[in-house]
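For the numbers below, each heavy atom of this structure counts, side chains included, while hydrogens, waters and symmetry mates do not. The chain is numbered in sequence order, starting from 1.
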Amino acid sequence: MDGVRDSHSASNAEPDDSDLSKLLDKPRLNIERQRSFDERSLSELSISNIRGPDGYDSIYSPGAAARSGFDTPASSSRYSFEPHPMVGDAWEALRRSIVYFRGQPVGTIAAYDHSSEEVLNYDQVFVRDFVPSAFAFLMNGEPEIVKNFLLKTLHLQGWEKKVDRFKLGEGAMPASFKVLHDPVRKTDMLFADFGESAIGRVAPVDSGFWWIILLRAYTKSTGDLSLAETPECQKGIRLVLTLCLSEGFDTFPTLLCADGCSMIDRRMGIYGYPMEIQALFFMALRSALALLKHDAEGKEFVERIAKRLHALSYHVRSYFWLDFQQLNDIYRYKTEEYSHTAVNKFNVIPDSIPDWVFDFMPTRGGYFIGNVSPARMDFRWFALGNCIAILSSLATPEQSMAIMDLIESRWEELVGEMPIKICYPAIESHEWRIVTGCDPKNTRWSYHNGGSWPVLLWMLTAACIKTGRPQIARRAIELIESRLQKDGWPEYYDGKLGRYIGKQARKFQTWSIAGYLVAKMMLEDPSHLGMVSLEEDKAMKPLIKRSASWTC
């Protein structure tokens with residue numbers, strides 16, 4: 001992600017990609033359909049009778065009629081929303097970060113901080129970092145850079161990926177890429193990083209998920225089906241799915257991951273089944289379901305996705321969910337239970353519940369905890385996982401409302417003076433030394449260890465609009481507007497309230513800028529929500545009452 005990025009240059013240089021340039025030059029096709037791209041429900045995609053590629057996710061716009069995703073209007077002008085001095089400056093800063101490859105815009109660099117002595121790898125285009133930039137360009141009616149980015153990263157996916165003689169999975173997407181301009185040969189070269197140059201050498205699990213999510217957003221925003229339907233894009237989707245749907249020894253439908261494989265890209269004790277990866281996994285599966293063609297190769301994946309979605313939604317909604325009643329149930333668990341009658345299915349020891357949870361949990365409200373695995377529950381709150389759970393409809397409508405109730409009830413802890421805490425609470429003292437390996441950047445209430453990240457504003461805003469709580473988003477945006485530009489658009493903030501600019505935060509962090517713009521445009525025109533959100537699928541099994549869900 002964005003944090004301290006490794007200074008080693010990536011090792012993969014790009015071969016000729018003239019074949020891809022042909023794709024870039026394809027004329028845009030606006031295909032009219034009798035039914036919009038995402039109108040149909042998974043209920044029409046039963047395992048035995050699969051009829052169409054479109055998962056149901058028509059947009060929800062509080063106080064307005066739902067619109068087809070293809071009719072989602074772009075902002076009429078760059079400054080169509082309520083004028084604020086930050087908006088124009090944000091657009092100028094975002095445009096300064098654009099990276100060009102052979103004359104075409106292909107992404108945005110992570111940070112444009114000229115005051116920093118070390119560039120490290122902030123001058124690269126990171127897949128996850130570009131997502132809010134892409135949403136901003138799409139909402140502003142500028143899809144070409146997004147199309148170029150999707151094709152360029154798809155091309156990089158096809159490279160052979162080796163780390164110390166070990167070959168990565170064929171479907172792995174790069175963490176980032178860098179464009180090098182050769183003034184002598186007057187040509188550009190690409191260098192990609194699949195984890196071999198990252199701090200800790202961890203491959204990004206989330207890159208492939210974000211790529212699929214962004215491809216759906218591009219298709220939904222523009223109505224251009226031709227890109228997603230190319231053989232190259234269809235193959236790219238299938239390769240990502242092959243990696244994450246592979247069968248093994250795991251007995252859970254969740255995805256097993258290493259520390260550092262996502263936005264939290266340093267050791268923070270999220271190994272196992274981190275909630276933010278499960279939410280992104282779920283959203284990518286639903287997006288892929290809407291994008292895959294139902295040819296011989298695609299149909300098999302559609303069937304596998306439908307099965308996995310049902311199992312994954314049940315598992316996460318049942319076992320990751322925590323509210324006052326569920327906390328009380330876990331507090332009273334018996335241990336060493338055996339067989340199918342076990343209530344404490346993961347053998348969680350009640351004494352392992354941290355003291356802070358009892359004070360943090362309000363009577364009304366709840367959230368998805370950070371991790372669940374044998375004998376271990378990570379009770380920390382993670383913002384990305386909970387917001388994406390709402391946007392993907394992994395959370396039920398009742399759970400979505402409860403998450404928003406929790407944010408309102410615990411505003412000081414989760415938002416404070418700068419939206420929004422990446423996780424809560426911070427780990428410190430002896431636990432910090434063990435879990436982070438004494439990481440000096442992840443000290444308490446800093447960086448990934450309880451730091452406040454402005455980029456998360458767009459996810460929070462989208463979740464607020466989807467749940468009919470735009471006033472929460474307005475309050476958060478007002479906090480951002482009081483400081484972010486004045487502070488130089490930093491990457492993150494430190495302290496319990498997010499009061500201090502992060503000790504190693506880069507200035508002019510691109511996704512801090514883009515996250516603000518996306519939040520503003522969504523509040524101005526809530527129909528943009530359809531680009532980043534999927535509606536509840538009625539075919540998903542409803543959550544059994546929580547007290548029963550652990551005993552069924």
Side-chain angles (χ1 to χ4, degrees), residues 1-10 85-101 105-137 145 149 174-181 191 193 197-199 204 263-266 418-420 422 439-443 445-449 451-458 480-495 498-519:
M1 185 196 76
D2 259 37
V4 163
R5 306 191 190 267
D6 198 286
S7 58
H8 299 299
S9 60
M86 276 179 61
V87 172
D89 291 337
W91 273 111
E92 289 177 12
L94 181 59
R95 295 189 191 284
R96 279 200 304 271
S97 72
I98 293 176
V99 173
Y100 292 86
F101 179 79
V106 293
T108 52
I109 59 172
Y112 196 82
D113 187 357
H114 289 303
S115 65
S116 177
E117 294 180 1
E118 290 183 296
V119 174
L120 297 178
N121 52 4
Y122 283 84
D123 61 346
Q124 296 185 23
V125 179
F126 281 77
V127 172
R128 72 175 68 101
D129 291 42
F130 179 68
V131 170
S133 295
F135 289 155
F137 287 123
I145 185 174
F149 170 85
S176 65
F177 64 85
K178 183 175 183 177
V179 177
L180 289 183
H181 303 283
F191 289 81
D193 175 21
S197 297
I199 290 176
M263 177 179 177
I264 296 174
D265 63 355
R266 294 163 80 99
M418 178 54 65
I420 181 176
I422 191 170
D439 187 347
K441 190 165 187 179
N442 268 337
T443 52
W445 308 114
S446 180
Y447 199 47
H448 295 319
N449 189 12
S452 298
W453 290 73
V455 64
L456 296 170
L457 177 68
W458 79 260
I480 287 275
E481 289 180 335
S482 69
R483 293 195 57 189
L484 193 61
Q485 182 185 18
K486 182 178 66 176
D487 293 340
W489 308 95
E491 179 183 22
Y492 64 94
Y493 285 77
D494 287 353
R499 180 174 291 176
Y500 305 98
I501 298 174
K503 58 187 175 183
Q504 294 186 41
R506 293 299 166 116
K507 298 292 186 71
F508 288 91
Q509 188 76 22
T510 302
W511 70 356
S512 295
I513 297 163
Y516 165 70
L517 288 171
V518 172

Test L484 against Y493 for side-chain contact (heavy atoms from CB on, under 4.5 Å), laying out the working first. CA-CA 10 Å; L484 193 61; Y493 285 77; 3.8 Å; yes
Does a side-chain heavy-atom distance below 4.5 Å link [X] with [Y]?
| X | Y | value |
| --- | --- | --- |
| I422 | Y492 | no |
| L456 | M263 | yes |
| F130 | T108 | yes |
| R506 | W489 | no |
| F101 | F149 | no |
| V127 | P204 | no |
| T443 | K503 | yes |
| F191 | Q124 | no |

Has the side chain of [X] got a donor or acceptor atom that lies under 3.5 Å from a matching backbone atom of [Y]?
| X | Y | answer |
| --- | --- | --- |
| T510 | I109 | yes |
| D193 | A175 | no |
| S512 | P490 | yes |

Which atoms form the tightest heavy-atom contact between [X] and [Y], and what is the distance?
| X | Y | answer |
| --- | --- | --- |
| I98 | P105 | CG2-CB, 3.8 Å |
| S446 | K441 | OG-O, 3.5 Å |
| I513 | A93 | CD1-CB, 3.6 Å |
| I480 | Y516 | CG2-CD1, 3.8 Å |
| D89 | P85 | OD2-O, 3.4 Å |
| L94 | A136 | CD2-CB, 4.1 Å |

- prompt: Would you call the rings of W453 and Y447 parallel, tilted or perpendicular if under 30° counts as parallel and over 60° as perpendicular?
  reply: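 It falls in the tilted class, 30° to 60°.
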What distance separates [X] [atom1] from [Y] [atom2], expressed to the nearest 0.5 Å?
| X | Y | atom1 | atom2 | value |
| --- | --- | --- | --- | --- |
| Q485 | F508 | CD | CZ | 8.0 Å |
| R266 | I264 | CZ | CD1 | 12.5 Å |
| M86 | R483 | CE | CZ | 12.0 Å |
| K486 | I501 | NZ | CD1 | 9.0 Å |
| K178 | F126 | NZ | CZ | 10.5 Å |
| R96 | Y112 | CZ | OH | 6.0 Å |

